[in-house]
Number of protein chains: 2
Amino acid sequence: MRHYFQDKSTKLGKRERTRSLLIDGAIAAIAENGMGATSIKEITEIAGLSNGTFYNHFQGRDEIFELAAYSVAKEITDEIAEMVAVVQDGIGRIVISTDAFIGRAVAAPDWGALLVNAVHHIRDMRFDIGEHLRADVALAIEQGKLSEMPSSFLVHQIGALITLAVELQIAGKADRAISFETCEAVLKLLGLTPTKAHRAVQTFLSKTTV
Amino acid sequence: MRHYFQDKSTKLGKRERTRSLLIDGAIAAIAENGMGATSIKEITEIAGLSNGTFYNHFQGRDEIFELAAYSVAKEITDEIAEMVAVVQDGIGRIVISTDAFIGRAVAAPDWGALLVNAVHHIRDMRFDIGEHLRADVALAIEQGKLSEMPSSFLVHQIGALITLAVELQIAGKADRAISFETCEAVLKLLGLTPTKAHRAVQTFLSKTTV
DNA sequence: TCCAAATTTGAGGTATCTCTCATTTTTATT
DNA sequence: AATAAAAATGAGAGATACCTCAAATTTGGA
């Protein structure tokens, strides 16, 4: 098992360390079998703890699942928010953060699989993941590149496209073209013409390395 | 329980009648709890049959799930293919069949829920559902309205958007605007400009009644 | 109507899951 | 080092799931 959250808490008290071990275990277990088929026993075995310990820390499966999903989502989106802060162009931010989100999720398949699962099991997860785009769209509107804020349904649609890109790459092979096409699709849905969408992706992703 | 497939086989032998009862039961059960949480006991109880009977007809859960999903998908797509055959315009076919597919799935929520579930559990299901669009796109290309056939990834994307439209309406309320926006999104992804996409949806759906 | 073949039944073997709790082990403070 | 508080343990109760199979029931053709 890779320790994502465990490593972050070496200096913390035992309680936090164990919690993190369990969350890491849950992430690994979900990546393996999906949320629907993951048992507490599986989680504690991966974490190297006993069955009963789980119940000292969480009420049940749903609690740790939701916590794990939101932890991972926050971790990735925070990272991306930081990295994208230097980009001045609104469209550029949308493209780069979309690409980066997909890239992270695919590079750490445990995280990606967890997010894909969470989107199907936790209400509003997809919406929350897509939410960070709103600010970037607002910027693009200020700059006259887009004309209106996305409806909540449109945010859902974009979330669905991003999820799909992650899902297919985890199931098959990592394929940068999928990220490119997804970014283009996102821009098209936001109202760019196909030509402009294509050009924008070329502009902002050709100089980026994976 | 509503009997979808059962009614079709009144004149058939007992074996076929029982099979259809079980499939109807599976559909109802999946609509209630999702594929992941549906047990054989649940299916047989809804069908009014005993536990053992299930195993006379199917190997296990996966077999009946896949069968149920493909039966429903075929039923809907066949119906739509027939209804859309009279439409001459390729873009019109795409719009009308997309809207009709979503409409059927939402009108019969059991079927819709089954399809949404199937998409998440059965490999290639989404692709197969989106597949019927290929012919319509080819027609639109002949008519100079579109320029290239969709990649298999694009078909996946369209499938994801359609699934989303069904999912949200089943979870919340039926809302025709969601179908409209989905049709528009599909056209945008296929390469139409936002303006043309909007106009096409207006043209082909405004005269249609639910 | 009769009966062989087809179909259904439901108890039960085996396995697994969730969650509890009395006991043991570890931690951290004095 | 001593010890009280915190945490971890793992056996097990109770529920439920899958699947089998010998026996009972139903079916449909001669």
Side-chain angles (χ1 to χ4, degrees), chain A residues 1 3 5-69 117 121-122, chain B residues 1 3 5-69 117 121-122:
Chain A
M1 176 177 57
H3 298 268
F5 291 99
Q6 227 281 319
D7 291 347
K8 300 198 122 190
S9 48
T10 313
K11 289 275 175 62
L12 274 59
K14 183 165 184 66
R15 183 155 197 80
E16 281 312 307
R17 254 180 298 142
T18 302
R19 265 181 85 89
S20 300
L21 266 178
L22 286 168
I23 290 178
D24 277 338
I27 293 172
I30 292 167
E32 187 83 20
N33 295 103
M35 281 188 176
T38 291
S39 67
I40 275 97
K41 193 192 168 200
E42 227 172 323
I43 294 172
T44 52
E45 259 173 15
I46 294 176
L49 296 166
S50 80
N51 177 266
T53 300
F54 178 87
Y55 294 95
N56 293 341
H57 292 267
F58 305 98
Q59 298 275 347
R61 263 189 328 190
D62 289 350
E63 187 183 335
I64 196 174
F65 283 179
E66 192 163 328
L67 205 81
N117 260 275
H121 285 87
I122 301 175
Chain B
M1 173 177 56
H3 298 266
F5 291 98
Q6 226 283 316
D7 291 348
K8 298 200 127 191
S9 46
T10 312
K11 291 273 175 62
L12 275 60
K14 184 164 184 67
R15 179 148 260 281
E16 280 312 307
R17 257 180 297 142
T18 302
R19 265 180 85 91
S20 300
L21 266 178
L22 286 169
I23 290 178
D24 276 338
I27 292 172
I30 292 167
E32 186 84 22
N33 295 103
M35 281 187 175
T38 291
S39 66
I40 275 101
K41 193 191 167 201
E42 228 171 323
I43 294 172
T44 52
E45 259 172 16
I46 294 176
L49 296 167
S50 80
N51 178 264
T53 300
F54 178 88
Y55 294 96
N56 292 340
H57 293 266
F58 305 100
Q59 298 276 349
R61 265 188 328 190
D62 289 350
E63 186 183 337
I64 197 175
F65 284 178
E66 192 163 329
L67 205 81
N117 260 275
H121 285 87
I122 301 173

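Values below: all heavy atoms of this structure, side chains included; hydrogens, waters and symmetry mates excluded. Every chain is numbered from 1, with letters handed out A, B, ... down the list of sequences. Keep in mind the model is a prediction, meaning the values are calculated, not measured.
Listed by first and then second residue, the side chain to side chain donor-acceptor pair (under 3.5 Å) pairs involving residues 36-55 of chain A are A:S50-A:T53 (not counting sequence neighbours). Under the ring-ring contact (aromatic ring centres under 6.0 Å, His included) criterion, the residue pairs touching residues 20-54 of chain A are A:F54-A:F58, with sequence neighbours excluded. Within the structure, the side chain to side chain donor-acceptor pair (under 3.5 Å) test picks out no pair touching residues 56-68 of chain B (sequence neighbours left out). Note on residues 15-34 of chain B: no pairs pass ring-ring contact (aromatic ring centres under 6.0 Å, His included), not counting sequence neighbours.
As a whole-Å value, the separation of A:I43 CD1 from C:dC17 C1' is 12 Å.
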inquiry  = For a quick check, with a 4.0 angstrom heavy-atom cut-off, what is the B/S/- contact string for nucleotides 8-27 of chain D, read 5' to 3'?
reply    = BBBB-----SSBB------S
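In this structure, B:F65 has no ring pair (Phe, Tyr, Trp, His ring centres under 6.0 Å) partners at least two apart in sequence or on a different chain.
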